[in-house]
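First comes the structure, then the notes that go with it.
Here is how names work: the chains are called A, B, and so on, in the same order as the sequence lines, proteins then strands, and each is numbered from 1.
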Number of protein chains: 2
Amino acid sequence: MNIGILGSGVVAKTLGAKLASLGQSVMLGSRDPGKLAEWLAEVGEAARAGSFAEAAAHAEVVINATAGLGSLEALAAAGAGSLSGKILLDIANPLDFSQGFPPSLSVANTDSLGEQIQRAYPAARVVKTLNTLTASLMVDPRQLAGGDHHLFLSGNDAEAKAQVRAWLGEWFGWEQIIDLGDITTARGTEMLLPIWVRLMGALGTPKFNFKIVQG
Amino acid sequence: MNIGILGSGVVAKTLGAKLASLGQSVMLGSRDPGKLAEWLAEVGEAARAGSFAEAAAHAEVVINATAGLGSLEALAAAGAGSLSGKILLDIANPLDFSQGFPPSLSVANTDSLGEQIQRAYPAARVVKTLNTLTASLMVDPRQLAGGDHHLFLSGNDAEAKAQVRAWLGEWFGWEQIIDLGDITTARGTEMLLPIWVRLMGALGTPKFNFKIVQG
């Protein structure tokens, strides 16, 4: 499948390398694709790099793995036409480090980045997921407690969420996925970031995840 | 020990009944203590009810179990003099239902209720905890997975946090408690509420908790 990943940071590279290793046709999109040359040399022929517009045009499914503060600009560069009708996996968080540590969220509480994206691109099928854990765990949940921890889904399109759930299982081995509801529930997962950042400090590692324990 | 609990809702009653059953001397504080008559009859002589000021004056340790939107007013009625030097367990959340469901937080992101309380009462030893789960689990964590899930602590006073950690174990059986850091980390636990509310909807029960899974 043709997968377009917007972003050139650790999250985009980690997802891109994993999906390329599974035989998917991956294109990373960046404002400056040239800086991905070293990464492309490592990953080999299954991955390419291009502009945001090229990556989105290439894609059957688009993954937004940009830094949250730049997501709307990157999606604008990708172009509404190349997002229309496609599943758009939004895994970004609106973390704002401009006031130093700890970061705040640039949008929170009564809105979320996921909702902003869905409103800006109503013809895209936005599914918010994977934004609650570190990149290496996104693509390999079984390295932690055999996968016994949770991932969350938010989105307005039930069929898109079912498809994403299936992909997350096939691609990465995710088995425990909770559908929180429509895209407004992205507020909940994005607002996990403040405790996530503090837990990383308290535990001394980003390699942890939330498990929802029920009776 | 003399324990003053500010509040007359489910959380205050649940904590009060449990602490009274352990032989502590409990006084619930309310704007309208008369409405606690039925509850007092159930719990028996170990518990009393009074004004916010009476409960705080009675207390060696004060527990803020009011609704978050009313916490600062209740604490003002309790009086700074009766909070000074005492451990103040803040278990409230600033949930605002004025716009319907889902609730938003009246303070979030760059501040928190825990911080507001510590700033308003600098001589109180504020420890934020227990605000991330339903009342029945606060006082009996072992009913869920034998207690294999987490509680969080936030506060500026290390000695107060150590004392609270010990009490939470003695009173309720809490064993897995993560110290997130100073009182600003209360932003993280209060901002768990939006996903908590949605998880309650998705799971169909408030009887769940977060476990932090590490490698």
When I178(A), L180(A), L193(A), V197(A) are compared by non-hydrogen pairs under 4.5 Å with chain B, the top option: L180(A)

Shortest non-hydrogen separation from [X] to [Y] and the atoms involved:
{"X": "G29(A)", "Y": "F52(A)", "result": "O-CE2, 3.3 Å"}
{"X": "L6(A)", "Y": "A55(A)", "result": "CD2-CB, 4.1 Å"}
{"X": "A135(B)", "Y": "V10(B)", "result": "CB-CG1, 4.1 Å"}

So do [Y] and [X] actually touch side chain to side chain, heavy atoms under 4.5 Å?
{"X": "L19(A)", "Y": "I63(A)", "value": "yes"}
{"X": "F152(A)", "Y": "I195(B)", "value": "yes"}
{"X": "L75(B)", "Y": "L88(B)", "value": "yes"}
{"X": "L95(B)", "Y": "L69(B)", "value": "no"}

P102(A) portion near chain B, given a 4.5 angstrom heavy-atom threshold: side chain

Dump the table of donor-acceptor contacts under 3.5 Å between chain B and chain A, or return none if there are none.
unit_1  : atom_1 : unit_2  : atom_2 : d
L105(B) : N      : N109(A) : OD1    : 2.8
L105(B) : O      : N109(A) : ND2    : 2.7
N109(B) : OD1    : L105(A) : N      : 2.8
N109(B) : ND2    : L105(A) : O      : 2.7
T184(B) : OG1    : R198(A) : NH2    : 2.7
R198(B) : NH2    : T184(A) : OG1    : 2.7
N209(B) : N      : V213(A) : O      : 3.0
N209(B) : O      : V213(A) : N      : 2.8
K211(B) : N      : K211(A) : O      : 2.7
K211(B) : O      : K211(A) : N      : 2.7
V213(B) : N      : N209(A) : O      : 2.8
V213(B) : O      : N209(A) : N      : 3.0

